[in-house]
Protein chains: 2
Amino acid sequence: MARPRKQDEKDIPGLAIASARCLLEKDGLSGVTMARIAAAVGCSAPALYGHFRNRDALLRAVHDAGFEQLVRDKVAVAAQTAGDPIGRLREGGRAYVAFALDNPALYHLMFNPPPLPEFAGNPFEHDAGMASLLLLRRAVEAAQAAGYLPAEDADRVAFILWSTVHGAVSLMLQNRAPHPAADRQALGWQVVDSAISLITSSRASGPSRDA
Amino acid sequence: MARPRKQDEKDIPGLAIASARCLLEKDGLSGVTMARIAAAVGCSAPALYGHFRNRDALLRAVHDAGFEQLVRDKVAVAAQTAGDPIGRLREGGRAYVAFALDNPALYHLMFNPPPLPEFAGNPFEHDAGMASLLLLRRAVEAAQAAGYLPAEDADRVAFILWSTVHGAVSLMLQNRAPHPAADRQALGWQVVDSAISLITSSRASGPSRDA
DNA sequence: CAGGTTAAATTAATGACGTTCGGTTTCTGG
DNA sequence: CCAGAAACCGAACGTCATTAATTTAACCTG
């Protein structure tokens, strides 16, 4: 019972991430213990330390895997909305809402990641979440090419759109939306539409901000 | 060394909440341990259990205290903006941004509260956060009385405004805003102004949503 | 004012968890 | 076939939240 035979090799990193994600949705973050992950993988807890520096690093890997799936979802939407920048923004936003509502605990982890001292110096470079912002910025730039918000900074517009939708699903996942029992997806879609109206209403008149 | 003399009585609940809040901003959530809180209060760790059911309950008290301060801040703003609904929304939003940026760890706790099984059945009734939403809704209703967004549901508009600003400060506090080194307060104010433009741009034409 | 009950702490103990250590088995390169 | 590296396990350690047993002060009740 030490090193396994080659035929018995297991993909411990992959299984650990998948098991942790499963435990996360089932029992919440505090239910994700090294011992339980190991039991689900079929190894001992110390074996996980051969593949992840510590528990936070494993959770960070789950976090990254979540963003990778989110990016995949958004790329799939983008492929179906070529030539329609506003439609792409709308469908991308709806995919985002669906992802958050389908994976609430994972979404929570993605936006409340464990602090990683090794990356503290430059979180921007190592954060998988920024890839998803890049996709959004490209969609905003496409909308600008179609005549919307011509004078605005695409990064800033993308940030505001992301803020609105992220804020809404965050509040919904904590039962802080009005009428908590009501249909969450419908509310999420309304928020997406309101955010997009910030852009669509701009074609006739310039933005009305004053800062 | 058991029960203290009356002259030595301490306000353990109050001191514990204040100490926990101080530790929270200094060392993060994982630095807030019962032993450290007790040391700061000047008592032993088990003594805290006479005033709080467990650590989560103590953190929930910190969470509630944070919302109480936030509401105080917003009430102070409201007192200075009587008769100017749009100005009240703008200044209220700026006060919100300032609170979040001044108390980042507390803000994080307020919007990622520990799960309380005893209140799981009806979080709406027991959540101090909802009081702050009520203030916002009143401001929206005042704006509607002044002719903005006449046909919209005030709850829904308030939720969207809150979502936008909350989402933006949440992302900023995690270094997920563009240009992370730039002035955060300025970006927060821009977001507030953009959100308010959703309302101000509505007086001429109705909302352009389609859901 | 004596004596018993309650209240509010204390120290000690328990149990779960993350993590490290030492040893054992298997793989790999010569 | 053999040395060394790699991968894993069981046991052990330290920290932390929480509970148990105990002590002392305050509060009645006569």
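Just so you know, these numbers come straight off a predicted model, no measurement behind them. Reminder, nothing fancy here: chain letters follow the sequence lines and each chain counts from 1.
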Margin query: Going by side chain to side chain contact (heavy atoms under 4.5 Å, CB included), A:V140 matches just one of A:V157, A:D153, A:L135, A:L149. Which one?
Written below: A:V157
Margin query: Determine whether a donor-acceptor pair (N or O, by modelled atom type, separation under 3.5 Å) exists between the side chain of A:Q144 and the backbone of A:E152.
Written below: yes
Check: By a strict heavy-atom criterion of less than 4.0 Å, which residues belonging to residues 34-41 of chain B are in contact with DNA chain D?
Finding: B:M34, B:A35
Checklist line | Spacing of B:E9 atom CD relative to D:dT24 atom P, expressed in whole Å | finding: 19 Å
Notebook entry, point to check: Closest heavy-atom contact between B:V77 and B:G92?
Noted result: CG1-N, 3.6 Å
Notebook entry, point to check: Are B:R94 and B:E91 ion-paired here, with the side-chain N under 4.0 Å from a carboxylate O?
Noted result: yes
Checklist line | Nearest non-hydrogen partners of A:S170 and A:Y107, listed with the distance | finding: OG-CE2, 4.1 Å
Check: Between C:dG18 atom P and A:L48 atom CG, what is the distance in whole Å?
Finding: 10 Å
Checklist line | A:D84 bridged to A:R90 by N-O distance under 4.0 Å | finding: no
Check: Does anything in residues 13-30 of chain A reach DNA chain D, meaning a heavy atom under 4.0 Å, and if so which residues?
Finding: none
Next item on the list: Taking only the side-chain heavy atoms of B:A47 (C-beta and beyond), determine which of D:dT18, C:dT10, C:dT20 contains the nearest atom.
Entry: C:dT10
Check: Atom CG of B:N54 and atom C1' of D:dC16: how far apart are they, to the nearest Å?
Finding: 14 Å
Check: Are B:E25 and B:R21 close enough for a salt bridge, meaning some N to O gap below 4.0 Å?
Finding: no
Next item on the list: Identify which nucleotide among D:dC8, C:dG18, D:dT18 has an atom closest to any side-chain atom of B:A45, counting heavy atoms from C-beta outward.
Entry: D:dT18
Note to self: Just to verify, what does A:A139 make a side-chain contact (heavy atoms from CB on, under 4.5 Å) with, not counting sequence neighbours?
What the structure shows: A:R88, A:L89
Next item on the list: Please list all pairs passing the ring-ring contact (aromatic ring centres under 6.0 Å, His included) test where one or both residues lie in residues 22-71 of chain A, with sequence neighbours left out.
Entry: A:H63-A:F67, A:F67-A:F111
Note to self: Nearest 0.5 angstrom please: B:Y96 OH to B:L136 CG, how far?
What the structure shows: 9.5 Å
Notebook entry, point to check: Of all the nucleotides listed (C:dA9, C:dT19, C:dC17), which has the minimum atom distance to the side chain of A:T33?
Noted result: C:dC17
Item checked: Taking every non-hydrogen atom, the tightest pair across A:S132 and A:L70 -> OG-CD2, 4.3 Å
Check: Taking only residues two or more places apart in sequence or in another chain, which ones pass side-chain contact (heavy atoms from CB on, under 4.5 Å) with A:L101?
Finding: A:V97, A:L173, A:R184, A:Q185
Any protein N or O atoms within reach of nucleotides 2-5 of chain D? Criterion: under 3.5 Å, listing atom names and distances.
none

Checklist line | Closest listed nucleotide, where the reference is the side chain of A:P46 and the choices are C:dA9, D:dA7, D:dG10 | finding: D:dG10
Item checked: Whole angstrom value for the distance that separates P of C:dG18 from CG of A:D56 -> 10 Å
Notebook entry, point to check: What's the OH-C1' distance between B:Y49 and D:dC16, to the nearest Å?
Noted result: 9 Å
Checklist line | Nucleotide nearest B:S44 when distance is taken to its side chain, options C:dT11, D:dC16, C:dT19 | finding: C:dT11
Check: Which whole-number value in Å describes the distance from A:L58 CG to C:dG18 P?
Finding: 11 Å
Margin query: If you only use heavy atoms from C-beta on, which nucleotide in C:dT20, D:dT19, C:dA9 is closest to the side chain of B:H51?
Written below: C:dA9
Check: Looking at C:dT10, C:dG18, D:dA7, which one has an atom nearest to any side-chain atom of A:R55?
Finding: C:dG18
Next item on the list: Using whole Å, report how far CZ of A:F52 lies from C1' of D:dC8.
Entry: 16 Å
